[in-house]
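Below is one structure. I have some questions about it.
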Amino acid sequence: MGYVNGLKCRECGREYPVDPIYVCEFCFGPLEVVYDYKKIKKALTRKNIEKRAKNLWRYRELLPIDGEPQVGLQSGFTPLIKADNLAKELGIKELYIKDDTVAHPTLSFKDRVVAVALTKAKEFGFDTVACASTGNLAHSVSAQGARAGFRRFVFIPATLEPSKIVASLVYEPHVVAVDGNYDEVNRLCSEIANKYKWAFVNINIRPFYAEGSKTQGFEIIEQLGWMAPDNVVVPCASGSLLTKIWKSFKEFKEIGIIKELGTKVFAAQATGCSPISTAVKQGTDAIRPVKPDTIAKSLAIGNPADGYYALRIVEESGGFAEDVSDEEIIKGIKLIAKSEGIFAETAGGVTLACTRKLIEAGKIGRNETTVICITGNGLKTQEALNGHTVSPHYIKPNLAFFEEVLKKIGH
Ligand SMILES: *Cc1c(COP(=O)(O)O)cnc(C)c1O
Ligand SMILES: [Zn+2]
């Protein structure tokens, strides 16, 4: 009943059975899920999809599970918003926001990958789930893992925003705050994953987990009326989301759901952690790891696991990459809020500010259709805006005081 053929090394092509494994034993290349597209082509049509519940499992034939979905039955199918105010502000004709700020249940796109990872972890028979996280992944593993009845360990850099730590603690997982940056947390977790029989969603079951990101791409195409956009701008941490959005577009073409695919893929990063955009701009294939220093902590991966593949897709599709300063990130957050009423986290500020630069540089055409992926909610990173917002008008509970305010603002 499944549609998965197995796993395959992205480097040497060696094939593996469906197991909780993630690297090739021979060349250490990453493993990728391979599907039977002929079979899927018969089972998955626009009509079938449209009849199904509005969650990410409506594309289940293209997700790596064997049985019924068990986690995330309310996740996915977030709004695609036609952002006319923002388009005007940026001087382009057609702009859409893929709005994962309202993802269920933890308000970031990580709810997609975790829904798939935990369903797969159940199929594999794990009782404990874990992750190395820059914040949002820890929230989703903590929350969805609680509901699904797993024991949970989440590992984070101790320097995360305090509100991001609370947003994990409330679900009472074991939160391990490590004195080190994400790359050090990740290295520690690889060691732990080798020793203990736990499902580390982004380590030993990463090939399955990462497939969940494709649902954002499937939804973009469906919500545009079964059409791929001219441009898509994607924020990059490990680079996985970008590679999977591209994979989703290619798969819809492969199984005949769309006829044409000419999308250019753009990568967005913070200048304080920009190994991918730096390599794209320099025209090299070599990603040079960096030590992150940016307010966009959810994107602060200095040694991105999928960086090389993200870079190749940017080049293959004819896209480009950009990066922006902390100041530009804050301006970006405020612009989406003011123009479209959406409060995005720092990663959203990165995406918007990079989009502006790409338009100004002529990399994104002003008469084309552009989708920007806004991946997390601003209520989680309010600290970033301290001292950068307008101030309240403080008054006594008395009409005269209020009317003084009105006078002051020129009403
Ligand atoms: C994790 C994350 C991303 C991107 O993650 P990848 O590792 O590149 O897949 C983007 N935005 C937010 C808010 C995230 O939490
Ligand atoms: Zn290999």
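Note that the numbering runs from 1 along the sequence shown for the chain. Counting starts at 1 for both ligands and their atoms, in listed order. Side-chain atoms are counted along with the backbone in the values below, which use heavy atoms only and exclude waters and symmetry mates.
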Exercise. Where is the nearest protein heavy atom to atom 3 (C) of ligand 1: which residue, which atom, and how far?
Worked result: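 Ranked first by proximity to atom 3 (C) of ligand 1 is Phe109 CE2, 3.4 Å.
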Exercise. Between Ser108 and ligand 1, which residue portion shows a heavy-atom distance shorter than 4.0 Å: side chain, backbone, both, or neither?
Worked result: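 For Ser108, there is no contact with ligand 1 at all, from either part.
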For this session: Any chance you could measure Glu219, atom CD, to Leu80, atom CG, to the nearest 0.5 Å?
Result: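 Reported to 0.5 Å precision, the distance equals 9.5 Å.
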For this session: Note the single closest protein heavy atom to atom 12 (C) of ligand 1, along with its residue, its atom name and the distance in Å.
Result: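 Residue, atom and distance for the closest contact: Thr375 OG1, 3.3 Å.
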For this session: Could you tell me the angle subtended at the Zn ion (ligand 2) by SG of Cys27 and SG of Cys12, rounded to 10°?
Result: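 An angle of 120° at the metal.
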For this session: Heavy-atom contacts with Ala347 under 4.0 Å: which atoms of ligand 1 show up? List them by number with element.
Result: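 It comes down to these atoms of ligand 1: 11 (N), 13 (C).
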Exercise. Identify the closest protein heavy atom to atom 5 (O) of ligand 1: which residue and atom is it, and at what distance?
Worked result: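 Its nearest protein heavy-atom neighbour is Ala237 CB, 3.6 Å.
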For this session: Could you tell me whether Lys120 and Glu123 make a salt bridge, using a distance below 4.0 angstrom between a side-chain N and a carboxylate O?
Result: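 Looking at Glu123 together with Lys120, the answer is yes, because their closest N to O distance falls below 4.0 Å.
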Problem set entry | Residue of the set Asp100, Asp99, Val232 for which side chain to side chain contact (heavy atoms under 4.5 Å, CB included) holds with Cys373 |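 Among Asp100, Asp99, Val232, the one meeting side chain to side chain contact (heavy atoms under 4.5 Å, CB included) with Cys373 is Val232.
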Exercise. Using the ring of each side chain (for Trp, its six-membered ring), is Phe124 parallel, tilted or perpendicular to Phe126, with breaks at 30° and 60°?
Worked result: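 If you compare the ring of Phe124 with that of Phe126, the planes turn out perpendicular.
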Exercise. Numbering the atoms of ligand 1 from 1, which are under 4.0 Å from a heavy atom of Leu299?
Worked result: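 With Leu299 as reference, the close atoms of ligand 1 come out as 3 (C), 10 (C), 11 (N).
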For this session: Could you list which atoms of ligand 1 come closer than 4.0 Å to a heavy atom of Ser240?
Result: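 Ligand 1 atoms under the 4.0 Å threshold to Ser240: 6 (P), 8 (O), 9 (O).
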Problem set entry | Close side-chain approach of Phe28 to Glu11, heavy-atom, < 4.5 Å |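 Not touching, per the 4.5 Å side-chain cut-off.
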Exercise. Are any of the heavy atoms in Gly239 under 4.0 Å away from ligand 1?
Worked result: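 Yes.
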Exercise. At under 4.0 Å between heavy atoms, which part of Ile301 makes contact with ligand 1: side chain, backbone, both or neither?
Worked result: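 The answer is neither; Ile301 stays 4.0 Å or more away.
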Problem set entry | Residue that, paired with Glu368, satisfies salt bridge (Lys or Arg N to Asp or Glu O under 4.0 Å) out of Lys93, Lys363, Lys264 |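 Single pass found, and it is Lys264.
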Problem set entry | Salt-bridge contact Arg206-Asp306 (side-chain N to carboxylate O under 4.0 Å) |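 A salt bridge links Arg206 with Asp306.
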Exercise. Are Asp323 and Lys281 ion-paired here, with the side-chain N under 4.0 Å from a carboxylate O?
Worked result: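 Salt bridge present between Asp323 and Lys281.
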Exercise. What is the nearest protein non-hydrogen atom to atom 9 (O) of ligand 1, stated with its residue, atom name and distance?
Worked result: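 Nearest protein contact, heavy atoms only, for atom 9 (O) of ligand 1 is Leu241 N, 2.8 Å.
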Exercise. Looking at ligand 1, does any of its N/O atoms fall within less than 3.5 Å of an N/O of Asn136?
Worked result: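 Yes.
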Exercise. Which residue supplies the protein heavy atom nearest to atom 2 (C) of ligand 1, what is that atom called, and how far is it?
Worked result: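 Looking only at protein heavy atoms, the one closest to atom 2 (C) of ligand 1 is Lys110 NZ, 2.4 Å.
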For this session: Starting from atom 7 (O) of ligand 1, locate the nearest protein heavy atom and write down its residue, its atom name and how far away it is, to 0.1 Å.
Result: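 Closest protein heavy atom to atom 7 (O) of ligand 1: Ser238 OG, 2.6 Å.
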Problem set entry | Expected output: side-chain Ser317 to main-chain Val265 donor-acceptor under 3.5 Å |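 Here the side-chain-to-backbone pair exists.
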